2 protein chains.
Amino acid sequence: MKFESATIKDIALKLNLSKSTVSRALRDSYEISEQTKKLVLEYAKKINYRPNPIALSLKERRSHTIGIVVPEFSNNFFSQAINGMESIAYSSGYNVIITQSHESYDREVINVEHMAYRSVDGLLISVSVETENYDHLKKLHERGLPIVFFDRIVEEIDTYKVVCDNFKGAYDATTHLIKKGFKNIAHITSAEQMFITQKRLEGYRKALEDNKIPFQPQLIKYCVHGGKITSEVEDAITSLFKKKIKPDAILSAGDRITTVMLPVMKKLFSTNHKVAYMGFSNSDLTDLFCPSLSVIRQPAFEIGQAAMEQLIKIIESKRPIKEFNTQIFESSIIIKESTN
Amino acid sequence: MKFESATIKDIALKLNLSKSTVSRALRDSYEISEQTKKLVLEYAKKINYRPNPIALSLKERRSHTIGIVVPEFSNNFFSQAINGMESIAYSSGYNVIITQSHESYDREVINVEHMAYRSVDGLLISVSVETENYDHLKKLHERGLPIVFFDRIVEEIDTYKVVCDNFKGAYDATTHLIKKGFKNIAHITSAEQMFITQKRLEGYRKALEDNKIPFQPQLIKYCVHGGKITSEVEDAITSLFKKKIKPDAILSAGDRITTVMLPVMKKLFSTNHKVAYMGFSNSDLTDLFCPSLSVIRQPAFEIGQAAMEQLIKIIESKRPIKEFNTQIFESSIIIKESTN
DNA sequence: GCTTTAAATGACATCGATTGCGTAAAATAA
DNA sequence: TTATTTTACGCAATCGATGTCATTTAAAGC
């Protein structure tokens with residue numbers, strides 16, 4: 001099955017003109033007489049002519065398409081960020097292609113390369129939890145592909161980055177828990193090597209320190225798959241509650257971990273085990289939970305917008321940009337029943 | 001900023017060969033001597049040569065890319081369906097491009113046309129709630145673009161379709177509510193013109209009929225934006241509870257409506273207003289709700305897989321396919337506290 | 001009536017890769 | 001030795017659109 005489209009050649013043949021003339025008429029060139037233009041435009045409309053973007057991409061080496069790679073869009077933070085990106089892209093005349101890495105390094109490499117070699121003018125990416133080697137991105141970046149990182153950024157590649165103040169988010173949340181009287185605050189977080197994991201941990205530690213609560217390493221649990229695999233969260237929780245000093249509160253880093261943690265707790269402790277919960281989450285549904293969940297919410301839409309704006313700036317700049325900054329957005333903590 | 005890649009020409013120039021020879025060597029043609037092949041392959045590897053997919057698409061009029069258009073991927077049904085589609089596409093050597101219509105007819109038209117004219121070999125689509133005119137799809141379909149519909153299908157276009165048994169889903173859910181003793185079962189549903197809305201309503205009515213419960217039209221409320229706008233759900237609920245016969249149960253059609261309905265009820269009736277809830281939803285979080293939610297769950301992943309399989313079948317078939325069928329999957333009802 | 005000049009249009013190369021056809025050189029057959 | 005076949009490669013067209021550089025035509029100038 002093949003999908004055929006009208007081309008400039010069809011118009012030229014029909015009207016007994018050359019391809020060049022038709023092309024110029026369509027682009028409203030001053031060199032073409034009004035009469036001819038009218039003729040061409042009318043016929044083009046009649047046969048529903050559309051320029052073939054593939055041919056244009058080949059010629060112009062531009063596709064007006066931007067690639068987005070996120071771990072998963074069932075994660076609300078990412079789907080909201082994508083909405084922000086789309087809003088900017090569409091109003092700037094760009095289209096958007098989206099793929100998921102499913103937290104897999106291999107899939108991320110495939111997607112990134114497919115997009116790069118397939119035409120995108122630039123790339124917005126939040127790396128997978130597995131990604132520790134950045135060669136696939138470095139290589140493309142060095143060869144001139146504009147890249148902007150958001151949320152899960154790669155420190156060692158010098159370009160624009162857009163993140164949330166993860167330190168402060170975790171600091172504020174931890175402080176809130178401390179103020180509520182919790183002393184043994186566990187922190188279930190994502191893979192250790194991730195930049196945002198480190199920042200969140202720092203915020204957590206600083207809050208403890210500022211409140212003169214000793215840091216207990218055994219209260220920190222890493223989930224190497226970012227909570228994608230339920231059992232890792234289960235293992236983390238099990239091992240936390242095996243210790244003689246049991247946590248009275250849990251701070252979770254990441255949407256996935258937050259939402260997986262709750263059913264796991266329910267499953268493990270059928271009785272009303274009183275533990276406070278607080279977590280990073282952009283889900284709209286946490287209010288409906290039992291108990292309703294206190295969360296750290298990130299301005300995902302705005303982060304997406306900012307990242308897209310920066311990327312388009314790079315793409316459209318005439319000369320290579322040398323100075324890059326990192327935009328930092330504030331998250332907000334929303335207090336509900338789970339930390340009472 | 002431009003992103004430059006090595007081309008066949010670069011290799012040809014360097015090795016003093018013609019482009020054709022290089023091309024054939026890379027494709028391991030029998031016409032090329034082993035020696036030359038080795039030379040070319042080695043140099044290609046050295047400079048990290050990749051064929052330019054844009055040029056290939058132009059030439060072959062095939063892109064090995066499939067377009068997916070869904071209303072929103074924050075809707076779990078769609079994100080799960082997409083995962084199913086990706087799994088099949090990747091293992092068949094296709095890449096996938098995804099866009100959201102955001103339940104907007106205009107955006108859907110733009111996305112569909114962008115994809116069609118941009119290169120996709122085929123299209124998987126679930127139409128937006130606003131879409132009542134199908135010309136944008138008909139036009140492309142008539143011109144030979146392979147299209148497969150899933151979930152929100154378009155009846156009047158003759159191609160493969162993959163859906164859930166919406167009639168049965170609604171029938172089973174309503175039957176369950178009736179068996180639990182509920183008599184005044186309201187049905188809050190999506191836009192009236194949608195095929196799945198009609199089927200679900202039919203299932204609902206049949207269940208009433210089979211149980212000798214009179215159908216009350218005032219218990220049916222349509223949300224023309226499919227619940228995307230909170231106020232429409234609020235209005236629906238308000239008007240339901242204004243009547244003298246108040247509903248004792250609500251059956252909601254659609255993920256969005258289901259999850260919006262609950263906070264709205266909470267907001268409108270702060271006291272413990274005892275109403276049973278049941279709804280179509282593929283969210284993983286409904287278990288955490290207060291009360292945990294009885295749902296009709298659709299096999300979204302499998303639906304996505306099936307749709308992609310059918311599409312690839314059309315794309316790869318040598319001769320036009322004339323006979324199309326509609327695959328129907330069973331949904332399952334999961335009983336929790338909200339219908340007790 | 002012949003030259004200059006502007007206006008309108010066409011021919012052709014280009015972007016990167018593929019491919020049908022043609023052909024020089026080498027190998028084989030007669 | 002000459003004729004034929006095989007091997008190994010190059011040329012050029014193609015896909016759709018753009019842009020440079022002619023070229024034609026007509027109007028204006030002398």
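Predicted, not measured: the structure shown is a model, and the values here were computed from it. Every chain is numbered from 1 and lettered A, B, ... according to where its sequence line falls, protein lines coming before strand lines.
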Check your understanding: From the list D:dA17, C:dT9, C:dA17, which nucleotide is the closest neighbour of the side chain of B:Thr7?
Key -> C:dA17
Practice item. Nearest whole angstrom, please: distance from the P of C:dG16 to the CD1 of B:Ile54. Key: 11 Å
Check your understanding: Is the side chain of A:Asn95 donor-acceptor paired with the backbone N or O of A:Thr65 at a distance under 3.5 Å, no angle test?
Key -> no
Review point. For the side chain of A:Asn83 and the backbone of A:Phe301, is there at least one donor-acceptor N/O pair under 3.5 Å apart?
Key: no
Practice item. Give a yes/no answer on whether the side chain of A:Arg27 brings an N or O atom under 4.0 Å of OP1 or OP2 in D:dG19. Key: yes
Review point. Does B:Arg24 make a side-chain N or O approach to OP1 or OP2 of D:dC9 shorter than 4.0 Å?
Key: no
Practice item. For B:Tyr30 and for B:Lys59, locate the closest nucleotide of DNA chain D by heavy-atom distance; then report the residue assigned to the nucleotide nearer the 5' terminus. Key: B:Tyr30
Review point. Within this structure, what is the CD1-to-P distance between B:Ile8 and D:dC9, rounded to whole angstrom?
Key: 15 Å
Check your understanding: Looking at B:Tyr49, does any N or O in its side chain come under 4.0 Å of the phosphate oxygens OP1/OP2 on C:dA17?
Key -> yes
**Study point:** Side-chain (B:Gln305) to main-chain (B:Gly84) donor-acceptor, under 3.5 angstrom
**Key:** no
Check your understanding: Tell me: CG of B:Asp28 to P of C:dT18, nearest whole Å?
Key -> 13 Å
**Study point:** Spacing between B:Leu13 atom CG and C:dG16 atom P, to the nearest angstrom
**Key:** 12 Å
Exercise for review: Name the closest nucleotide to the B:Asn52 side chain, picking from D:dT18, C:dA17, C:dT18.
Suggested key: C:dA17
**Study point:** Residue mapping more 5' on DNA chain D - nearest nucleotide basis, B:Lys37 or A:Lys9
**Key:** B:Lys37
Practice item. Assign B:Leu56 to base, sugar-phosphate, or nothing according to its heavy-atom contacts below 4.0 angstrom with the strands shown. Key: sugar-phosphate
Review point. Side-chain N or O of B:Thr36 less than 4.0 angstrom from OP1 or OP2 on D:dC9?
Key: yes
Check your understanding: Expressed in angstrom and rounded to an integer, what is the separation of A:Glu31 atom CD from C:dT5 atom P?
Key -> 19 Å
Review point. Taking A:His136 as the fixed residue, which of A:His141, A:Glu108, A:Glu113 is the one that meets the side chain to side chain donor-acceptor pair (under 3.5 Å) rule?
Key: A:Glu108
Check your understanding: Is a side-chain donor or acceptor of A:Ser92 paired with a backbone partner of A:Ile88 at a separation under 3.5 angstrom?
Key -> yes
**Study point:** Gap between atoms CD and P, on A:Glu34 and C:dT9 respectively (whole Å)
**Key:** 11 Å
Review point. B:Leu26 CG to C:dA17 P: how many Å, rounded?
Key: 9 Å
Point to revise | Whether A:Glu72 side chain and A:Glu103 backbone form a donor-acceptor pair below 3.5 Å | key: no
**Study point:** For B:Lys37, salt bridge (charged side-chain N to carboxylate O under 4.0 Å, His left out) partners two or more places apart
**Key:** B:Asp28, B:Glu34
Check your understanding: What bend angle does the helix from C:dG1-D:dC30 to C:dA30-D:dT1 show across its length, from five-pair end axes and to the nearest 10 degrees?
Key -> 70°
Review point. What orientation do B:His64 and B:Tyr94 show, parallel under 30°, tilted 30 to 60°, or perpendicular over 60°?
Key: tilted
Exercise for review: May I ask you to check whether over 12 heavy atoms, not counting those of A:Lys138, lie within 6.0 Å of atom NZ?
Suggested key: yes
Exercise for review: For DNA chain C, determine which residues of residues 14-22 of chain A have any heavy atom closer than 4.0 angstrom to one of its atoms, and list them numerically.
Suggested key: A:Asn16, A:Leu17, A:Ser18, A:Ser20, A:Thr21
Check your understanding: Taking atom P of C:dT14 as reference, at what distance in whole Å does atom CZ of A:Arg62 sit?
Key -> 23 Å
Exercise for review: Hey, can you tell me if A:Phe78 and A:Phe150 have their rings parallel, tilted or perpendicular (30° and 60° cut-offs)?
Suggested key: perpendicular
